[in-house]
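Please read all numbers here as calculations on a predicted model, not as lab measurements.
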Amino acid sequence: MNSQIQDQQDAERRFDSAAFLKTVPELPGVYRMYNEKDQIIYVGKAKNLSNRLHSYFVKDLSSEKTRALVRNIHHIEFSITYSESDALILEQNLIKENRPKYNILLRDDKSYPYILITDDQYPAIYYHRGAKKLKGTYYGPYPNSSAVKDSLKILQNIFPIRQCSEATYRNRSRPCLMYQIKKCLGPCISGLVSDSEYRRNVELTAMFLSGRYNELISSLTGQMQQASDNCEFERAITIRDQIFALRKVQEQQVVDDYNSPDTDILGIQYRNGMACVNAMYHRHGQMIGTRNFFLKCSYDQDLKEILQAFIEQYYSEKMSFSIPAEIAVSPEYRFDEQLENTISEVCRRRIRFVYPVRGSRAKFLSLADENAKTAISSRIKSEDLQRERIEGIEQLFGLQQGSVNRMECYDISHTFGERTVASCVVFNRSGPLNSAYRIFNIEGITAGDDFAAMDQVLHRRFLHADSSDNFPDILFIDGGDGQLSQGEKVIQKAREKFPGYNPLIVGISKGEGRKHGLETLHMGYTREEIHLPVDSQAFLMIQHIRDESHRFAITNHRKQRSAHKIVSRLEQIEGIGSQKRRALLNHFGGINEITSASREEIAKVKGIGEKLAEVIYTALHKS
């Protein structure tokens, strides 16, 4: 037990699992574990990435191999996929390419399992691992034995070609159980199946294993129609059942046309001074690899400029996983023909840019964007980056290293003075502390008076508190001199109530044209103005805090405004008081649902009745 505790402590010193696990979604995907040398030491897949990765960081790991793996983790990356089958394919290709140390069973090609269709008069289909000595066609490799066995089970139900050994096949004198339950055509007994029928099933099996699903279903549809035309109805029904089974399998996989061009799909996202390009590699209609690329850039660059710079560098230096026939990007980033010609010339093959808006490529493009977004979020929340940004703030304001443990930022939001709210977001040394976020409803002030709103929220935060234990070390206020003055007055009173409390107060005003990257910092009391470079880690941290405060205020203001509109429409109906409004909203869930309801459905609500239901229905359908 002591060894296990020590392993866990070693892992925590190397890798902040708690902070990382907060960034992992509950979605299917593939994860990659890296050591200090940035080498992949383990690749795994999961139906639920969050649950799977949490399982590595529990106190009672039973396996010595897993404990050794956890000890060597420096960082983890993951990629979201549409389904488990996509994760399976991606995992297998990553393992084969990188040969991670802790994926012991998959060290080389010989350890990968295959599916073999033998080259006989009546071919058999087998699970195969090892040297390819038997004559036949090999399909794979597959990432593990269970993947092969699952595929064989599916094939046995759809195309019942034999899976028995040669010895069993040669020595049969009567049909076996598999024939009786219709999972084998029985080629071992003369007369049970014709050569042409058996060969047809073998060919269809080969098409299935090659990923030629559309061609396979098209062929079966034609055969079913022909059998029906020839009045061979039993055969037509058999083929129909095969088509239904294939469609069910196809629904569980995100696989494009096997004959579609090889494509690199590029998604891009930007946040807090960091851009990420997620490249998804599609070969033969399947996703076989994915990778995130992080780029430094300034605020005055748009995403098209960043993406073009990435494409020029990535493909010009021939860094691509393999040169594709097409590069798919979002339609909003259409490039001129010159870039396409340049990349084609450097790569010595014709490469087209495509801009999908529908179909499977568009879905994968959306997935690439989501992967890039998730990767940036994970990187921003990483311990190293947070430490660097906090230290940058301490250095900027001349504070002692390690002295900043809590920062708060306040913002005001309203619509022409109505439904005013104030937000408070909290950051510690690990990043956003979401559980401490607060929203304040502002009341009793002149509509649109942001100064009074700021004064009220700060009074409630600092002067109504019983102690200063959870007060911020730095107080950020989104606004100019007016808002900053309110903060100074309130903090002065807080100092009198809580002697020794002396936070730094900083105002953040928007730049010219309210453009990102041109903000000015105003120091409390001195009114000193600070303009920071847009790539400064301190500036990026402050901007992150301010943007989060703004987002939180806007989101909650919109919720209140929406709720107010719903109540206002119901308030205008004669005979509807607060209790009946609440009953209607609780029953239907929202104004749209009430409007869509019939008179009879409205009358079923407790306290409404038929007459009032008619009044409500008529009032909501006036327009």
- Query: What do you reckon, is NZ of Lys373 surrounded by more than 12 foreign heavy atoms closer than 6.0 Å?
  - Reply: no
- Query: With a 3.5 Å cut-off and no angle check, do the side chains of Arg546 and Ser549 form a donor-acceptor pair?
  - Reply: no
- Query: Does the Asn292 side chain pair with the main chain of Asn278, one donor and one acceptor, at a distance under 3.5 Å?
  - Reply: no
- Message: For Gln483 and Asp478: C-alpha separation, side-chain torsions, deciding distance, then whether side chain to side chain contact (heavy atoms under 4.5 Å, CB included) applies.
- Response: CA-CA 8 Å; Gln483 288 90 338; Asp478 187 16; over 6 Å; no
- Item | Which atom of Phe462 lies closest to which atom of Ala494, heavy atoms considered | CB-CB, 4.2 Å
- Message: I'd like to know if the side chain of Asn428 and the backbone of Gly431 have a donor-acceptor N/O pair within less than 3.5 Å.
- Response: yes
- Item | Leu399 side chain reached by Val404 side chain, heavy atoms, under 4.5 Å | yes
- Message: Could you check whether Glu408 pairs with Arg406 (Lys NZ or Arg NE/NH1/NH2 to Asp/Glu carboxylate O, under 4.0 Å)?
- Response: yes
- Message: If we ignore hydrogens and angles and just use 3.5 Å, is the side chain of Glu394 paired with the main-chain N or O of Gly402 as donor and acceptor?
- Response: yes
- Separation of Ile311 CD1 from Leu266 CG (nearest 0.5 Å): 5.5 Å
- Item | Pair Tyr315-Asp264, side-chain donor/acceptor within less than 3.5 Å | yes
- Query: Once you round to the nearest 0.5 Å, how far does CE of Met454 lie from CG of Asp411?
  - Reply: 6.5 Å
- Message: With rounding to the nearest 0.5 angstrom, report the CG to CD1 distance, Leu458 to Ile477.
- Response: 5.5 Å
- Note on the structure: Correct closest heavy-atom pair for Ile40 and Val43 would be CG2-CG2, 3.6 Å
- Message: Any side-chain to backbone donor/acceptor pair from His544 onto Leu540? Under 3.5 Å, distance only.
- Response: no
- Query: Checking side chain to side chain contact (heavy atoms under 4.5 Å, CB included) for the pair Tyr42/Tyr34: CA distance, chi angles, key distance, verdict?
  - Reply: CA-CA 7 Å; Tyr42 186 77; Tyr34 292 79; over 6 Å; no
- Message: Within the structure provided, determine whether His522 and Ser509 are in side-chain contact (heavy-atom separation under 4.5 Å).
- Response: yes
- Query: Counting N and O atoms only, with roles assigned by atom type, does the side chain of Thr374 sit under 3.5 Å from a partner on the main chain of Glu370, one being a donor and the other an acceptor?
  - Reply: yes
- Mind listing the closest non-hydrogen atom pair of Ala275 and Ile306 along with its distance? CB-CG2, 3.9 Å
- Task: Specify whether Phe440 and Tyr410 have parallel, tilted or perpendicular ring planes, treating 30° as the upper limit for parallel and 60° as the lower limit for perpendicular.
- Result: tilted
- Task: Check whether more than 12 heavy atoms from other residues, nucleotides or ligands sit under 6.0 Å from atom CD of Gln39, and answer yes or no.
- Result: yes
- Pairwise side-chain contact, Phe78 with Ser50, heavy-atom cut-off 4.5 Å (strictly under): no
- Message: Any non-hydrogen side-chain atom of Phe57 less than 4.5 Å from a side-chain atom of Ile73?
- Response: yes
- Item | Backbone N/O of Ala328 and side chain of Arg361: donor-acceptor pair under 3.5 Å | no
- Query: Is there a donor-acceptor pair under 3.5 Å between the side chain of Asp473 and the backbone N or O of Asn405?
  - Reply: yes
- Item | Distance-only donor-acceptor check, side chains Asn35 and His74, under 3.5 Å | no
- Item | Nearest heavy atoms of Pro331 and Leu365, plus distance in Å | CD-CD2, 4.4 Å
- Atom pair CZ/CD1 of Arg429 and Ile393 - distance to nearest 0.5 Å: 10.0 Å
- Message: Please check this pair: side chain of Thr263 against backbone of Ile265, looking for a donor-acceptor N/O pair closer than 3.5 Å.
- Response: no
- From CA spacing to verdict: side chain to side chain contact (heavy atoms under 4.5 Å, CB included), Phe539, Ile542: CA-CA 5 Å; Phe539 177 79; Ile542 293 171; 5.7 Å; no
- Query: Pro472 versus Ile474: any side-chain heavy-atom pair under 4.5 Å?
  - Reply: no
- Message: Within the 3.5 Å criterion, strictly below it, is a donor on Arg551 or Ser423 matched to an acceptor on the partner's side chain?
- Response: no
- Is the Phe498-Phe471 ring centre distance short of 6.0 angstrom? yes
- Message: What I'd like to find out is whether the side chain of Ile442 reaches to under 4.5 Å of the side chain of Val457, using heavy atoms alone.
- Response: yes
- Nearest non-hydrogen partners of Asp369 and Gln269, listed with the distance: O-CG, 3.3 Å
- Message: Using modelled atom types and a 3.5 Å cut-off, is there a donor and acceptor pairing between side-chain atoms of Thr555 and backbone atoms of Phe552?
- Response: no
- Query: Which distance, rounded to the nearest 0.5 Å, do you find between the CD1 of Ile390 and the OG of Ser403?
  - Reply: 10.0 Å
- Query: Nearest 0.5 Å, what's the OG-CE distance between Ser536 and Met541?
  - Reply: 12.0 Å
- Exercise: identify the closest heavy-atom pair between Val425 and Ile545: CG2-O, 3.8 Å
- Any idea how Phe476 and Phe397 line up, ring-wise: parallel (<30°), tilted (30 to 60°), or perpendicular (>60°)? tilted
- Message: Please verify the inter-ring angle class for Phe293 with Phe310; under 30° counts as parallel, over 60° as perpendicular, anything in between as tilted.
- Response: tilted
- Residue pair Leu69, Asn72: steps toward the side chain to side chain contact (heavy atoms under 4.5 Å, CB included) verdict: CA-CA 5 Å; Leu69 167 63; Asn72 285 281; 5.9 Å; no
- Task: Scan side-chain atoms only and decide if Tyr437 and Glu548 contain a donor-acceptor pair under the 3.5 Å cut-off.
- Result: yes
- Item | Donor-acceptor pair, side chain of Tyr281 and main chain of Asp262, under 3.5 angstrom | no
- Within a strict 4.5 Å, meaning less than it, do heavy atoms of the Ile491 and Pro503 side chains meet? yes
- Compare all side-chain heavy atoms of Leu53 with those of Leu21 and state whether any distance is below 4.5 angstrom. yes
